Amino acid sequence: MDVKVYDPKDCVITVGGVYITGLGEDMVTCEKDEDNFTTNVGAQGDVVVNKNHNQLGTIKITVQGTSPQKKYLLGLAKSGELFNVWVINKAIEEKCGGTQAMVKKPPELSQGKELDDREFEIQVFDYVEE
């Protein structure tokens with residue numbers, strides 16, 4: 001029997017070279033924005049595969065409202081600066097990100113009975129998954 005252990009602490013997120021801590025419950029999601037190809041089928045059943053070279057991807061990072069890096073991420077959202085972003089988990093051999101990215105907009109700010117997490121949506125212009 002092969003038993004593996006997943007530990008969320010094995011996930012390392014860096015934005016502009018800054019290590020992100022105080023992650024929220026959902027931590028991070030990474031996804032390429034478009035499919036690698038589309039298909040067209042002609043009237044007689046002939047198939048054309050159209051390669052898509054769009055390299056855009058989206059990374060959503062969720063931090064707690066008290067994260068030490070929340071102010072840094074808010075500053076990036078307001079500045080419109082380009083930065084690198086990497087999500088790496090060596091234990092499960094996954095890596096995604098890119099060298100050119102921007103925060104789409106500041107996160108929704110909500111306060112109530114409990115302090116909600118803040119979700120930063122980052123557009124990656126040269127997205128890769130390894």
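Any value given below was found using the heavy atoms of this structure, including those in side chains, with hydrogens, waters and symmetry copies removed. If you're wondering where the values come from, they're calculated on a predicted model, not measured in any experiment.
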**OP:** Starting at CD1 of Ile61, measure out to OG1 of Thr29 and round the result to the nearest 0.5 Å.
**Re:** 9.0 Å
Subject >> Within one Ile-Leu-Val-Met-Phe-Trp-Tyr cluster: Leu23 and Tyr19, side-chain cutoff 4.5 Å >> reply: no
Subject >> Side-chain touch Ile13/Ile59, heavy atoms, less than 4.5 angstrom >> reply: no
Original post:
Cluster question for you: counting only ILVMFWY and a side-chain heavy-atom cut-off of under 4.5 Å, with indirect links fine, are Val124 and Leu76 together?
Top reply: yes
Original post:
Side-chain contact, heavy-atom cut-off 4.5 Å: Trp86 with Thr99?
Top reply: yes
Original post:
Under 4.5 Å between any side-chain heavy atoms of Val63 and Gln69, yes or no?
Top reply: no
Original post:
Would Phe83 and Ile122 satisfy side chain to side chain contact (heavy atoms under 4.5 Å, CB included), going step by step from the backbone distance to the final call?
Top reply: CA-CA 10 Å; Phe83 54 85; Ile122 298 171; 4.0 Å; yes
Original post:
Is there a donor-acceptor pair closer than 3.5 Å between any side-chain N or O of Ser67 and the backbone N or O of Thr21?
Top reply: yes
**OP:** Answer yes or no: is there a donor N or O on one side and an acceptor on the other, between the side chain of Glu94 and the main chain of Asn89, under 3.5 Å?
**Re:** no
**OP:** Please go through Met102's hydrophobic cluster and name the other residues, only I, L, V, M, F, W, Y counting, with side-chain heavy atoms under 4.5 Å joining them.
**Re:** Leu56, Leu82, Phe125
Subject >> Any Asp26 side-chain heavy atom under 4.5 Å of Asp117 side chain >> reply: no
Original post:
How many angstroms lie between atom CG of Asp126 and atom CG of Asn84, to the nearest 0.5 angstrom?
Top reply: 9.5 Å
**OP:** Side-chain contact test, heavy atoms from C-beta onward, threshold under 4.5 Å: evaluate it for Asn52 versus Asn36 and give yes or no.
**Re:** no
Original post:
To the nearest 0.5 Å, what is the distance between NZ (Lys32) and SG (Cys96)?
Top reply: 13.5 Å
**OP:** Evaluate the side chain to side chain contact (heavy atoms under 4.5 Å, CB included) criterion for residues Leu74 and Lys70: first the C-alpha distance (whole Å), next the side-chain angles of each, then the deciding distance (0.1 Å), finally the verdict.
**Re:** CA-CA 6 Å; Leu74 285 169; Lys70 180 182 77 173; 4.0 Å; yes
Original post:
Any side-chain heavy atom of Val15 sitting closer than 4.5 Å to one from Tyr72?
Top reply: yes
Original post:
Under the 3.5 angstrom rule, does the side chain of Gln55 hit a backbone N or O of Tyr127 as a donor-acceptor pair?
Top reply: yes
Original post:
With a 4.5 Å heavy-atom cut-off, do Thr62 and Glu119 have their side chains touching?
Top reply: yes
Original post:
Among pairs that include at least one residue of residues 101-114, which meet side-chain hydrogen bond (donor to acceptor under 3.5 Å, both in side chains), considering only residues two or more places apart or in two chains?
Top reply: Lys104-Glu121, Lys104-Gln123, Ser110-Asp116
Original post:
Does the side chain of Met27 reach to within under 4.5 Å of the side chain of Pro8, using non-hydrogen atoms?
Top reply: yes
